[in-house]
Amino acid sequence: MNYKITGTGSCIPDITKKNTEFLNNSFFDNDGNKIQSSSPDIIEKFQSITGIEERKYVSGEVKSSDLAAIAAQKAIKDSNINQETLDYIIVAHNFGDISCNSSQIDTLPSLSSKVKTILKIKNPKCVAYDIICGCPGWVEGVIQAKSFIKSGMANKCLVIGSDTLSRVTDDNDRDSMIYADGSGAIILESNDSDDSGILSHNSATYT
């Protein structure tokens, strides 16, 4: 049995933060010592290495599960499926839902369960679960969805990656300029009409 991405969706927030908005930040190294280079020099070097000039942040009332649900709705519409026929909803994230100006990380109920609720999916056989796997989380979600389909346990899976990293960044950490907010989603379906699919993959954890 083969598999195919039949729909995609994304949700990119509206608030833009440019590199120039970090000019007044004081940056410190991992030992807590102030980095001697000036902020403009640090930002210029950061941009030359990464190519990043700006990033998108969520507004105060938006959470990661909200982004995930919007991306999911777009992917479902793009695939033209009945959402009640989904077998799995897999959401990959790093920090769960975090309210604005809060240090509380909310991972229960799972973000996938919140997405299922927002989408108003009634089918109890549509199983929702989260993956907390760092940067490759969404890729691992696709690998798991593929495995469900290959084993005959599923025909249609919704895989979402979503985070609001702006809620957990440290303004004194130069790496915080890398992070942003957003969500992307796909529908992965069984497909026997051609040879499309994931050609290979290799999972590893270096701890």
Look at atom [atom1] of [X] and say whether more than 12 heavy atoms of other residues, nucleotides or ligands are closer to it than 6.0 Å.
{"X": "Ile12", "atom1": "CD1", "result": "no"}
{"X": "Asn80", "atom1": "CG", "result": "no"}
{"X": "Glu44", "atom1": "CD", "result": "no"}
{"X": "Lys17", "atom1": "NZ", "result": "yes"}

Look up atom [atom1] in [X] and atom [atom2] in [Y], then write down how far apart they are to the nearest 0.5 Å.
{"X": "Met177", "Y": "Asn19", "atom1": "CE", "atom2": "CG", "result": "6.5 Å"}
{"X": "Asn94", "Y": "Thr164", "atom1": "CG", "atom2": "OG1", "result": "10.0 Å"}
{"X": "Ile43", "Y": "Ser37", "atom1": "CD1", "atom2": "OG", "result": "11.5 Å"}
{"X": "Asp78", "Y": "Thr6", "atom1": "CG", "atom2": "OG1", "result": "8.0 Å"}
{"X": "Leu67", "Y": "Leu111", "atom1": "CG", "atom2": "CG", "result": "10.0 Å"}
{"X": "Asp87", "Y": "Ile149", "atom1": "CG", "atom2": "CD1", "result": "8.0 Å"}

Taking all heavy atoms of [X] and all of [Y], pick out the closest pair and write down the distance.
{"X": "Gly96", "Y": "Ser64", "answer": "O-CB, 3.7 Å"}
{"X": "Val159", "Y": "Gly141", "answer": "CG1-C, 3.8 Å"}
{"X": "Ser162", "Y": "Ala68", "answer": "OG-N, 3.7 Å"}
{"X": "Cys133", "Y": "Gly137", "answer": "CB-CA, 3.8 Å"}
{"X": "Ile5", "Y": "Thr8", "answer": "CG2-CG2, 3.9 Å"}
{"X": "Tyr57", "Y": "Arg55", "answer": "CE2-CG, 3.4 Å"}

Quick one, [X] and [Y] - any side-chain contact, counting heavy atoms below 4.5 Å?
{"X": "Leu86", "Y": "Ile76", "answer": "yes"}
{"X": "Ser203", "Y": "Glu140", "answer": "yes"}
{"X": "Glu53", "Y": "Lys18", "answer": "no"}
{"X": "Gln104", "Y": "Ser99", "answer": "no"}
{"X": "Ile186", "Y": "Val142", "answer": "yes"}
{"X": "Phe46", "Y": "Ile178", "answer": "yes"}
{"X": "Ile118", "Y": "Asp66", "answer": "yes"}
{"X": "Thr16", "Y": "Lys56", "answer": "yes"}

Next item on the list: Tell me, with the steps shown, if Thr169 and Ser166 meet side-chain hydrogen bond (donor to acceptor under 3.5 Å, both in side chains).
Entry: CA-CA 6 Å; Thr169 55; Ser166 65; over 6 Å; no
Side chain of [X], backbone of [Y]: donor and acceptor closer than 3.5 Å?
{"X": "Asn123", "Y": "Glu84", "result": "yes"}
{"X": "Ser79", "Y": "Gly7", "result": "no"}
{"X": "Asp163", "Y": "His93", "result": "no"}
{"X": "Asp29", "Y": "Ile35", "result": "no"}
{"X": "Ser151", "Y": "Ser147", "result": "yes"}
{"X": "Asn191", "Y": "Asn2", "result": "no"}
{"X": "Ser176", "Y": "Asp170", "result": "yes"}

Item checked: CA sep, side-chain torsions, deciding dist, call: Asp130, Ser112, side-chain hydrogen bond (donor to acceptor under 3.5 Å, both in side chains) -> CA-CA 6 Å; Asp130 290 5; Ser112 54; 2.8 Å; yes
Check: Which one of Phe28, Phe22, Phe27 satisfies the side-chain contact (heavy atoms from CB on, under 4.5 Å) criterion with Arg174?
Finding: Phe27
Check: Can you name the one residue among Asp41, Ile42, Ile49 that meets side-chain contact (heavy atoms from CB on, under 4.5 Å) with Lys45?
Finding: Ile49
Next item on the list: Might you work through the side chain to side chain contact (heavy atoms under 4.5 Å, CB included) test for Thr85 and Asn155, ending with a clear yes or no?
Entry: CA-CA 9 Å; Thr85 63; Asn155 290 311; over 6 Å; no
Notebook entry, point to check: Would Glu61 and Cys100 count as a side chain to side chain contact (heavy atoms under 4.5 Å, CB included) if you check the C-alpha gap in whole Å, the side-chain angles of each, and the deciding distance to 0.1 Å?
Noted result: CA-CA 7 Å; Glu61 71 280 3; Cys100 186; over 6 Å; no
Next item on the list: Hey, can you tell me if Phe148 and Tyr88 have their rings parallel, tilted or perpendicular (30° and 60° cut-offs)?
Entry: parallel
Checklist line | Chi angles and distances behind the salt bridge (charged side-chain N to carboxylate O under 4.0 Å, His left out) call for Lys63, Asp181 | finding: CA-CA 10 Å; Lys63 296 180 180 179; Asp181 305 334; over 6 Å; no
Next item on the list: Please test Ile89 against Ile121 for side chain to side chain contact (heavy atoms under 4.5 Å, CB included), starting from the C-alpha separation and ending with a verdict.
Entry: CA-CA 11 Å; Ile89 299 174; Ile121 295 175; 3.9 Å; yes
Margin query: Please tell me whether Leu188 and Trp138 are part of a single hydrophobic cluster in this structure, the criterion being side-chain heavy atoms less than 4.5 Å apart.
Written below: yes
Notebook entry, point to check: Are Ile143 and Ile132 co-members of a hydrophobic cluster defined by side-chain heavy atoms under 4.5 Å apart?
Noted result: no
Next item on the list: Show your working on side chain to side chain contact (heavy atoms under 4.5 Å, CB included) between Lys156 and Tyr3 and close with a plain yes or no.
Entry: CA-CA 9 Å; Lys156 299 183 184 74; Tyr3 31 84; over 6 Å; no
